[in-house]
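Structure first, then comments.
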Amino acid sequence: MASKPLPLFRRAIADSWRSMIGWSLGVMAALLLYLPLFPSIGGSPDMLELLDSLPPELVNAIGYDQIATGAGYTQSTFYGLIGFLLLTIAGTSWGTAAIAGDEETGSLELTLAHGVSRTQLVLERTAAVVVRLAWLGLLSALVVLALNDSAELGIEPAHAFAAAAALVGLTLLSATVAVVVGALTGRRLFATAAGAGVAVLGYALNAIANQSEDLDPLHAWSPYHWAYGARPLADGVDWGGLGLLYGISAALVLLAVVALNRRDVTG
Amino acid sequence: MTSVIDTTALTKRFGSVTALHPLDLSVPAGSIFGVIGPNGAGKTTLMRLLLDVLRPTSGSATVLGASPRAGGPALRRQIGFLPGELRLEGRVTGRALLRHFADISGPVAPGTIDALADRLNLDLSRTVRTLSKGNKQKLGLVQAFMHEPRLLVLDEPTSGLDPLVQQEFLTMVREARSNGQTVFLSSHVLSEIQQVADSVAILRSGRLVSVSDVESLRVSAVRRVRVGITGSTPTLVRDTLSSLPHLTDLDVSDDAPSDGVPVRVAATIEGDIDPFIKLIARFSVADLAVEEPDLEESVLRLYSTPEVSDGV
């Protein structure tokens with residue numbers, strides 16, 4: 001009966017094009033700032049000397065041990081750090097807005113009073129988050145490849161897309177955690193805290209696990225490690241890690257569908 | 001007569017707070033049914049239950065022949081809903097927002113949105129978040145009416161509207177009825193319910209106090225009157241009026257002759273106002289003020305045992 005398909009998905013995309021320009025500029029700016037410096041920083045003897053003088057624990061924690069290669073440098077500066085930060089913030093805030101934010105402003109009631117089901121609402125709005133994150137990931141890969149020659153990065157084109165898929169999967173996990181907590185509680189604060197918490201925890205676990213052989217098993221619990229542990233930018237796509245990230249996200253979305261269908265919508 | 005809304009012991013509790021005590025209510029098809037009651041009486045809870053925004057703690061409701069939950073999106077497409085706390089945001093224009101709502105409700109006939117916006121004097125080209133409360137309310141009304149739903153559920157529809165627009169809204173409600181649509185609306189402004197509704201339910205503290213048709217309420221209405229009379233004496237006026245039944249709080253004074261009106265009369269009249277008018281007609285009336293009847297007070301007098309009835 002609905003006149004056009006995916007009305008909530010289309011609205012979410014249409015409502016966010018302004019902010020998408022901002023996020024896209026942020027991703028491009030970060031890459032354009034860091035990558036061209038690789039020839040003078042990453043491979044330079046001065047930098048290697050500096051890294052040697054730093055405590056190895058610190059270098060391991062921030063993942064700068066591979067900084068001498070183009071792939072390692074791009075991973076350390078963007079995919080493992082700034083890009084991770086940007087997309088985590090974007091994904092968590094979109095995931096929060098999808099249900100909890102809309103409920104706290106009181107708009108969710110009116111939307112659900114129309115001819116849409118709660119299942120449809122969760123699925124369409126999460127799909128809009130996926131598409132937006134995927135765009136930022138794709139954009140990052142395209143910018144990396146555009147700078148590949150001039151910045152002497154030497155990255156395999158396919159590997160750039162593998163790294164982007166890992167970044168999107170990793171930050172999508174934060175987004176879907178925010179969605180499911182929003183579906184369970186309807187509280188913006190809880191949703192954001194959970195989404196950001198997963199990212200921080202994953203990063204911290206990975207950094208700790210990097211410290212020694214004894215701590216290595218901790219890697220198994222870090223989404224950050226699922227995404228980047230197999231070094232997708234250097235060695236190519238890691239289907240196991242991606243499967244874990246996207247699979248858990250999908251399960252969380254199903255949980256959100258069930259949760260929202262079972263409760264009162266307030267506010 | 002078939003009913004469009006039927007509730008059976010419909011109950012809603014939030015934790016230990018009972019927002020709606022077991023409620024039995026029936027709204028006939030093609031009627032305008034008003035719910036009045038103070039804030040917190042359970043009007044909004046009732047409407048949210050009908051739209052499956054809230055789920056009942058116990059009891060059940062039938063809306064257009066289906067339970068709100070089972071009816072799902074297909075049922076809600078046949079309902080136009082205006083929430084009591086309408087919050088519209090966003091950088092989109094009013095027209096874009098309405099187009100979105102049209103996408104997720106029943107089909108909207110071409111030109112309907114513009115016609116409704118014209119009637120309510122609403123500028124659709126403005127960004128939603130820059131609109132005043134009254135204009136947002138108009139947007140809310142347009143989205144509720146635009147797909148000509150079989151049932152309109154309107155929670156405090158006139159809040160924030162100026163009097164002229166309120167009148168236009170009441171006209172729209174009457175047109176909806178003559179169109180065969182059913183209107184279920186709430187208010188704490190009693191006069192507007194009285195102007196349009198066929199039946200009135202009164203909710204207080206989550207309980208149904210009464211359901212009556214508006215005509216019988218009007219008959220039992222309680223009005224405050226004030227009259228200024230010249231060319232007579234307070235004693236004569238008092239003697240004349242004291243013969244009237246249903247007249248209470250009579251106060252006759254003549255202590256303000258400076259305005260040229262020697263006798264001032266204030267009183268409360270219960271029920272028919274005609275005998276009072278006939279009586280004071282024998283005097284020279286300088287001014288006359290009759291307050292709008294207070295329906296709630298009228299009803300509470302009729303059912304003078306508060307907090308008991310579970311329905312009629």
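Hydrogens, waters and symmetry mates are skipped; everything else that's a heavy atom, side chains included, is used. All chains are named by letter (A, B, ...) in the order of the sequence lines, taking the proteins before the strands, and each is independently numbered beginning at 1.
Residue B/Leu82 does not touch chain A at all, counting heavy-atom pairs closer than 4.5 Å. In this structure, no portion of B/Leu49 lies under 4.5 Å from any heavy atom of chain A. Of the two parts of B/Phe101, the backbone and the side chain both hold a non-hydrogen atom closer than 4.5 Å to a non-hydrogen atom of chain A. Only the side chain of A/Arg118 comes within contact range of chain B, judged by heavy atoms closer than 4.5 Å.
A 6.0 Å sphere centred on CZ of A/Arg262 holds no more than 12 heavy atoms belonging to other residues, nucleotides or ligands. For CZ of B/Arg13, the number of neighbouring non-hydrogen atoms (other residues, nucleotides, ligands) closer than 6.0 Å is 12 at most. Atom CG of B/Asp114 is surrounded by more than 12 heavy atoms from other residues, nucleotides or ligands within 6.0 Å. Atom CZ of A/Arg187 has 12 or fewer neighbouring heavy atoms from other residues, nucleotides or ligands inside a 6.0 Å radius.
Note: A/Leu110 leads A/Asp15, A/Leu110, A/Leu112 in heavy-atom pairs under 4.5 Å with chain B. Highest contact tally toward chain A, considering only B/Val153, B/Leu75, B/Val92, B/Val53, is held by B/Val53 [criterion: heavy-atom pairs under 4.5 Å]. Between chain B and the residues A/Val116, A/Thr111, A/Leu8, the largest count of heavy-atom pairs under 4.5 Å involves A/Val116. When each of B/His147, B/Arg76, B/Glu89 is checked for heavy-atom pairs under 4.5 Å with chain A, B/Arg76 comes out on top.
A cation-pi arrangement is absent between A/Arg132 and A/Trp23 under the rule of less than 6.0 angstrom and at most 45 degrees off the ring axis.
For A/Phe84 and A/Tyr224, the ring centers are positioned less than 6.0 Å apart.
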